[in-house]
Each structure stands twice: as C-alpha cells, then as structure tokens.
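Shown next, in structure tokens, is the structure this report addresses.
This is a predicted model, so every value here is computed, not measured. Every chain is numbered from 1, with letters handed out A, B, ... down the list of sequences.
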Amino acid sequence: MINIKEDEKLSVLNHSCAHLLAQAVKHLYPKALFWVGPVIEDGFYYDIDLGDITLTDEDLPKIEKEMKKIAKDGKRIVREEISKSEALERFKNDPYKIDLIERMNEDEEVISCYTQGDFTDLCRGPHVESVKELKHFKLIKSSGAYFKGDSKNKVLQRIYGICFETEEDLNKYLEYLEECKMRDHRKIGREQELFMSHNLVGSGMPLWLPNGALIRKQLENYIYDKERRLGYLHVYTPCVGTVDLYKTSGHWDHYKENMFPVMKVDEEEFVLRPMNCPHHMLIYKNSLHSYRDLPIRIGEAATDFRYEASGAVKGLERVRCMCQNDAHLFVRPDQIGEEFKKVVGLILDVYKDFGITNYKFRLSLRDPEDTEKYFDDDQMWNEAENTLRQVLDSMDIDYFEAIGEAAFYGPKLDVEVKPAVGPEVTLSTCQLDFLLPRRFDLSYIASNGEKQVPVVIHRAIFGTFDRFTAFFIEECKGAFPTWLAPTQVAVMPVSAEHQGEYAKEIADFLSDNDIRVKLDDRNEKLGYRLREAQTSKIPYTLILGDNEKNDKTISYRLYGKKETTTVTKEEFLKLLKQEIENKACNKEM
RNA sequence: GCCGAAAUAGCUCAACUGGUAGAGCAACUGAUUUGUAAUCAGUAGGUUGUGGGUUCAAGUCCUACUUUCGGCACCA
C-alpha cells in the first residue's frame with residue numbers, strides 16, 4: 001500500500017487537504033481552534049479544539065461537503081512570511097498557535113502563513129497552488145487524541161482523512177480498507193471457528209476453539225522441535241508467583257501497574273505472572289553449573305497474564321492472557337555473540353518457513369536520560385549494546401537503532417514485520433540481560449574455580465502464539481497451508497448412495513495416515529458441498545464418482561483452483577505428506 | 001485508562017419520531033441420490049448484553065455496569 005508520507009507530491013496534496021479540512025471546520029464551528037495537521041502514512045489528520053462540541057461520525061459527511069464546496073470555489077493558496085513578533089500578534093487569541101510560535105527560532109526557520117480565502121493558518125508549507133486541486137479526498141474517521149500525545153493533557157478532536165490525485169487512486173485506497181476488514185483475524189476467527197470470547201470470561205481472554213487450538217498446537221510442536229534440535233531444554237512452570245519473586249527480579253517496581261492485582265492466600269501474596277524470567281532463573285539456580293555446561297537454554301510455551309489497558313485489547317493480537325514462545329539462555333560472556341547469532345538464525349529460519357519476507361531488525365537501546373526506567377550502570381549498558389551491534393554487523397544484518405525502547409534490564413533486538421495489510425507488528429525479540437542474573441545471584445564455576453555470573457538472553461521467536469496466530473491468519477486470509485489447516489482434506493462422493501462406501505474407504509485411509517480428513521457424504525448436491533469446502537478454505541477437496549471408484553483413483557482439487565487432478569490414493573498421500581513435511585506456504589496470500 | 005460509537009436468533013442485518021420483534025444464511029425434519037461455488041418444502045430458534053429507572057406501554061428514552069468497535073495513550 002502506498003505511503004503518503006514518502007511521496008512528495010502526495011504529501012503536499014494531503015497537507016493542503018488538512019488545511020482545507022480546517023477551513024471547513026472553521027466555517028461550521030467558528031469557535032474551533034487548531035493544533036497541528038500533519039501528513040501521515042495513511043493521509044493526514046488535524047487536531048482540533050472544538051470546546052464543548054464533540055464530533056460524531058455523522059458530522060464527517062457535513063464537513064466533507066463543506067470542504068468540497070470550498071474546493072470548488074477554487075481560492076488560491078497564498079504564502080506569506082512574517083516575523084515572530086508579527087506572528088505572535090496575529091495569532092494572539094489562539095493559545096495553540098502561540099504555543100507553536102514560541103518554540104520557533106526566527107534565526108533558524110522562516111515563519112510563514114498560508115491563506116486561502118477567509119482562512120489563514122500558520123504553516124511551514126509547501127502547499128498546492130489552489131484549493132481547486134483538492135478533489136479526490138475522503139474523511140476517514142474522527143476520534144479523541146491527547147494534546148501533544150500526553151495522556152495527562154486534555155483531549156482534542158482528531159479528524160483523519162486522505163487525498164489522492166485521481167478518483168481511481170482514492171477508490172483503490174477505499175478498496176484496500178475493505179480488504180483490511182476482510183482479512184481481519186477477528187472476522188476470520190469467527191467464520192472459521194478458530195477462537196471466541198465471552199463477556200463472562202472477561203476482556204482480553206480469548207477461548208481457543210478446536211480449529212484454532214489445532215493450529216496453535218501445530219505451532220507449538222513446530223517450534224518445540226526446532227528448539228529441541230538446537231539444544232533447548234523445555235520446562236513447565238506455574239502461572240503464579242509470589243510478590244517477593246517479582247520484587248527479587250525487579251519487575252515489581254517497574255511493572256506492578258500492569259499486573260493483575262495481588263491475591264492473598266493465607267499470609268502470602270501472589271500475582272498472576274506477567275513473564276517467565278524469574279521462574280526460569282530459579283530453575284537454573286536449582287543446580288550447580290560448570291562453565292562447561294553453558295550455554296543452558298530453558299524454553300517453555302508459557303502462559304502469562306498482563307493487565308492491558310481496556311482500550312488496548314484486540315482479538316488475539318493484544319490480550320490479557322497470552323502464551324509466550326519463551327526461552328532463557330544462560331551463557332558465559334564469551335558465548336554471547338555465538339548464542340545471539342543462533343537466535344537470529346532461528347528467527348530467519350522460522351520466517352522462511354512461514355513465508356515472512358518483509359521485516360526489519362530494530363536494535364532497542366536504553367535512553368541514558370531515563371534513569372527511572374533503566375538501572376544505572378553505564379559500563380554494563382555500553383558493553384551490552386556494543387555486543388549486540390557487533391553481532392549484527394558480523395552477520396551483515398541491516399538494523400536501525402531505537403533509543404528508549406530497551407527493557408529495563410538490557411538492550412534488545414526486536415523484529416518488526418510488515419504484514420500484508422495494516423501497520424507493522426513486533427513478533428520476535430531477543431534481549432540481553434546482565435541484571436537479572438545478579439538479582440537472582442546466579443553463578444557458574446569458571447575454569448579457574450571461581451564463581452562467575454552468567455549472562456541471560458531472553459528470546460521469543462513467535463513472540464506469543466496468540467499474536468503470531470492473529471498475524472498469520474491475516475497473512476494467509478484464513479487459507480492455511482496444509483500443515484496448519486484444521487481440516488486438510490474434504491472427501492466427497494458424488495452420490496453417497498453410489499460411491500459412499502468408496503469415499504469412506506479413502507477417508508479412512510488418509511485418516512489412518514495422520515491426515516486430517518472431513519468426509520462429506522451428506523445428501524446435498526456436489527456443488528453445494530464443494531462450495532462449503534471452498535468457503536471454509538480446506539486445502540484439498542477429493543471428488544469421488546464412478547470413474548474414480550472403478551479406476552481405484554481419486555480426483556483432487558486445490559483450494560481456490562478450478563482444475564482437478566486424478567491420481568491413486570497412494571500418490572495423493574505421498575504428495576500430501578511431502579507438502580506437510582516441507583511446511584509449504586501457499587504464496588498467493 | 002481517555003474521546004467517540006455500538007450491543008436485536010449461531011452469523012449478517014431489519015423494526016418511522018415509544019405501541020409488545022422480522023428476513024436471509026446456518027441448524028433441524030422430510031422429499032430429492034446429486035460430477036466441480038448455493039435442490040425444494042416445512043419446523044424450530046429471542047426475558048432485544050446485565051441491573052436499575054421514566055411511562056398506560058421500552059428493542060426504542062434516562063442511568064450504572066459489562067463487552068465489542070474506531071482512534072488516543074500504553075505495550076517488561
């Protein structure tokens with residue numbers, strides 16, 4: 001999808017459209033005051049103070065109509081450069097503009113205004129020549145937005161819109177929005193009975209239905225096998241811990257606001273765990289370790305609970321009960337690079353299997369100014385951050401750095417994946433931690449007989465199974481590759497009376513060979529049953545008529561394809577097995 | 001959490017400004033025995049998210065809560 005912000009021409013067009021929006025709002029709501037109206041990836045918005053008035057969705061068409069009217073009048077857009085004192089004078093009744101102007105430095109930038117008809121706005125520009133050029137736009141949505149993005153501030157009203165050069169481009173964008181809705185994992189999840197929620201269970205607490213659970217189980221098995229081959233040891237640990245456990249780890253001080261409240265049992269205080277590091281630390285600590293034993297890799301598909309803000313909860317993507325594909329690697333300092341490399345290698349390997357090609361590595365560093373979030377040990381931070389840079393450089397991996405995105409205990413490498421539609425999601429993470437091993441007093445015996453503190457690498461490849469599933473549903477539009485599909489093969493006789501027995505025989509044969517089969521021998525027309533198999537996106541449909549029955553063959557049809565292929569049941573099974581083994585992804589997603 | 005919108009049958013939606021809930025699909029029953037995306041007929045399905053309130057009368061108005069949706073803020 002096009003990124004407006006990266007296109008110079010469209011940026012100017014959209015920013016001009018934001019002014020047009022402001023002018024229309026001013027006409028309809030004369031008391032309106034304007035904050036900023038920037039161009040974003042998906043068009044533009046304007047943050048507006050309307051006093052007591054609150055916009056609803058019904059107001060957008062009215063504003064849009066007024067915009068069209070102004071655009072039709074075709075006033076020229078005139079630039080004017082003014083001094084700071086003049087600007088302050090001109091906008092003296094507008095606290096928002098004063099706020100902007102006061103932070104401007106005359107020596108560094110020119111202060112300019114743009115006027116179109118009866119409307120003038122402080123703006124850097126540039127703009128199109130005339131409002132007449134703004135023809136193909138649409139207001140998309142309105143909402144509240146905190147002034148300056150700070151939740152302590154008052155809420156302004158934000159209107160989003162987008163503008164294109166042609167009607168065709170605009171329509172294409174509107175179609176794209178429809179496409180997003182069609183791919184929404186919540187919609188597909190309901191249609192294909194993957195998961196559900198219930199208000200008695202609570203917000204952000206999805207229930208995985210058999211079809212969804214089957215997919216998740218495949219994912220769990222898949223990553224478990226990969227990890228096992230890489231020397232990971234898998235454990236089970238409880239979903240609760242004492243408050244003292246999290247005080248020891250330091251999470252209590254940093255994140256207790258985001259944990260479910262304390263449960264008091266007898267004299268002890270428990271919390272639902274928001275992460276698994278402390279439990280795994282204690283498992284490491286359960287025995288003595290020689291430098292020869294390291295690295296020790298402890299993995300778990302671990303359920304965690306986080307008290308996500310009510311407004312943040314969304315489908316399987318953002319939940320309050322999640323299952324992490326978590327592991328903690330306990331390594332010697334000299335092993336950091338090698339282990340980190342292996343984790344990055346695993347990430348790339350998994351992405352390949354899932355056909356994920358569009359991703360970016362983000363090196364999340366601490367903000368040295370933020371002494372509240374990050375523990376104070378410059379040397380430790382610098383060392384950790386430099387180690388990560390060296391590893392990435394040595395692997396020839398492109399990455400960008402993000403200040404202030406590190407965990408409180410150390411820097412991390414996050415992988416941002418660009419989905420087929422919608423904004424980027426962070427799936428994998430790999431974090432370096434010099435802090436928790438110290439807090440838990442972990443050690444190993446070095447070759448010289450002295451106790452040393454190991455370094456911990458926290459990593460999650462899928463991130464959480466919940467979020468990954470949400471992501472992948474949208475990637476494949478619910479048409480899962482055969483190895484993940486809840487039902488892999490639909491078997492249907494043309495007529496149950498005539499080929500029903502043969503169909504049953506074929507279905508049993510496949511089922512006995514671990515293929516997930518659904519026999520559809522209902523007394524419905526073939527077209528009806530076939531349609532159902534297609535709409536539920538079952539990868540293979542077998543059609544068995546007299547021809548197949550007499551020749552001892554099967555005819556199969558792939559999801560989304562019209563043509564049929566006829567082979568023996570053994571050949572078909574071989575083909576299926578191979579496809580499942582290869583974890584082939586249908587790349588027409 | 002904040003700003004706004006919403007919640008009606010399993011799903012998608014309807015019911016004019018208050019007058020006692022209806023359709024399609026799905027389900028079930030019967031007939032049909034079917035060759036590549038919807039055979040026909042019938043049946044059943046609802047304390048309109050929950051609790052209060054206003055009213056002769058509430059799906060519709062008010063109110064609290066729960067959940068969902070769109071953003072904002074947040075995301076160890």
Checklist entry - For B:G1, does OP1 or OP2 lie under 4.0 Å from any side-chain N or O of A:S310? => result yes
Checklist entry - When you check the phosphate oxygens OP1 and OP2 of B:C69, does a side-chain N or O of A:R186 lie under 4.0 Å from one of them? => result yes
Checklist entry - Mind checking who B:U20 pairs with, Watson-Crick or G-U wobble, both distances under 3.5 Å? => result none
Checklist entry - Taking the inter-plane angle between the rings of A:H254 and A:F408 on a 0 to 90° scale, is it parallel (under 30°), tilted (30 to 60°) or perpendicular (over 60°)? => result parallel
Checklist entry - Using atom P of each nucleotide, how far apart are B:C25 and B:A21 to the nearest Å? => result 23 Å
Checklist entry - Does the base of B:C74 carry an N or O that pairs as donor and acceptor with the side chain of A:R318 under 3.5 Å? => result yes
Checklist entry - How is A:V494 classified with respect to the nucleic acid when contacts are heavy atoms under 4.0 Å: base, sugar-phosphate, or nothing? => result base
Checklist outcome for this item: To the nearest angstrom, the CZ-P distance between A:F147 and B:C3 comes to 18 Å
Checklist entry - Which listed nucleotide (B:C11, B:A76, B:A73) is nearest to the side chain of A:S151? => result B:A73
Checklist entry - NA contact type, A:T541, heavy-atom cut-off 4.0 Å: base, sugar-phosphate, or nothing? => result nothing
Item to check | Ring centroid separation A:F361 to A:Y399 under 6.0 Å | outcome: no
Checklist entry - When the P atoms of B:U54 and B:A14 are considered, how many whole Å apart are they? => result 31 Å
Next on the checklist: At 4.0 Å (heavy atoms only), tell me whether A:G204 reaches a base, stays on the sugar-phosphate, or touches nothing.
Outcome noted: sugar-phosphate
Item to check | Rounded distance in Å between the C1' positions of B:U8 and B:U47 | outcome: 13 Å
Next on the checklist: Is the distance between the ring centroids of A:Y540 and A:F572 under 6.0 Å?
Outcome noted: yes
Checklist outcome for this item: Taken to the nearest 0.5 Å, the spacing of A:M322 CE from A:R306 CZ works out to 5.0 Å
Item to check | Nucleotide B:A76, atom C1' - distance to CZ of A:R439 in whole Å | outcome: 13 Å
Checklist entry - Mind checking the C1' distance from B:G24 to B:A15? Whole angstroms is fine. => result 16 Å
Next on the checklist: Using 30° and 60° as the class boundaries, would you call the ring planes of A:Y307 and A:F260 parallel, tilted or perpendicular?
Outcome noted: perpendicular
Next on the checklist: If the cut-off is 4.0 Å, is A:K141 near the phosphate of B:G70, judged by side-chain N/O to OP1 or OP2?
Outcome noted: no
Next on the checklist: Regarding B:G1, can its base be found pairing with the side chain of A:Y146 as donor and acceptor, where the two atoms are less than 3.5 Å apart?
Outcome noted: yes
Next on the checklist: Need one value for A:N258: base, sugar-phosphate or nothing, where a base atom within 4.0 Å counts as base even if backbone is also close, heavy atoms only.
Outcome noted: base
Next on the checklist: For A:A420 versus A:R183, what's the shortest heavy-atom pair and its separation?
Outcome noted: CB-NH1, 3.4 Å
Checklist entry - Can you check whether A:S143 has a side-chain N or O nearer than 4.0 Å to OP1 or OP2 of B:G70? => result no
Checklist entry - Is A:T564 touching bases, backbone alone, or none of the nucleic acid, heavy atoms closer than 4.0 Å? => result base
Checklist entry - Does the B:G35 base have a donor-acceptor partner in the side chain of A:E548 within less than 3.5 Å? => result yes
Checklist entry - Is any side-chain nitrogen or oxygen of A:R529 closer than 4.0 Å to OP1 or OP2 of B:A38? => result no
Checklist entry - Checking all strands, does A:R557 fall into the base, sugar-phosphate, or nothing category for heavy-atom contacts under 4.0 angstrom? => result base
Checklist entry - So, A:N211 and A:Q192: side-chain donor and acceptor under 3.5 Å apart, yes or no? => result no
Checklist entry - Taking only N and O in the side chain of A:H498, is any of them less than 4.0 Å away from OP1 or OP2 of B:U34? => result yes
Checklist entry - Does A:Y160 put a side-chain nitrogen or oxygen below 4.0 Å from OP1 or OP2 of B:C72? => result yes
Checklist entry - So what does A:G545 touch, heavy atoms closer than 4.0 Å: a base, only the sugar-phosphate, or nothing? => result base
Atom pairs, N/O to N/O, protein against nucleotides 23-31 of chain B, distance under 3.5 Å?
| from | atom 1 | to | atom 2 | distance (Å) |
| --- | --- | --- | --- | --- |
| B:A26 | OP1 | A:Y528 | OH | 3.1 |

Next on the checklist: Is A:T426 close enough to B:C75 that one of its side-chain N or O atoms is under 4.0 Å from OP1 or OP2 there?
Outcome noted: no
Checklist entry - Is there any side-chain hydrogen bond (donor to acceptor under 3.5 Å, both in side chains) pair reaching into residues 139-153 of chain A, and which pairs are they, with sequence neighbours excluded? => result A:D99-A:K148
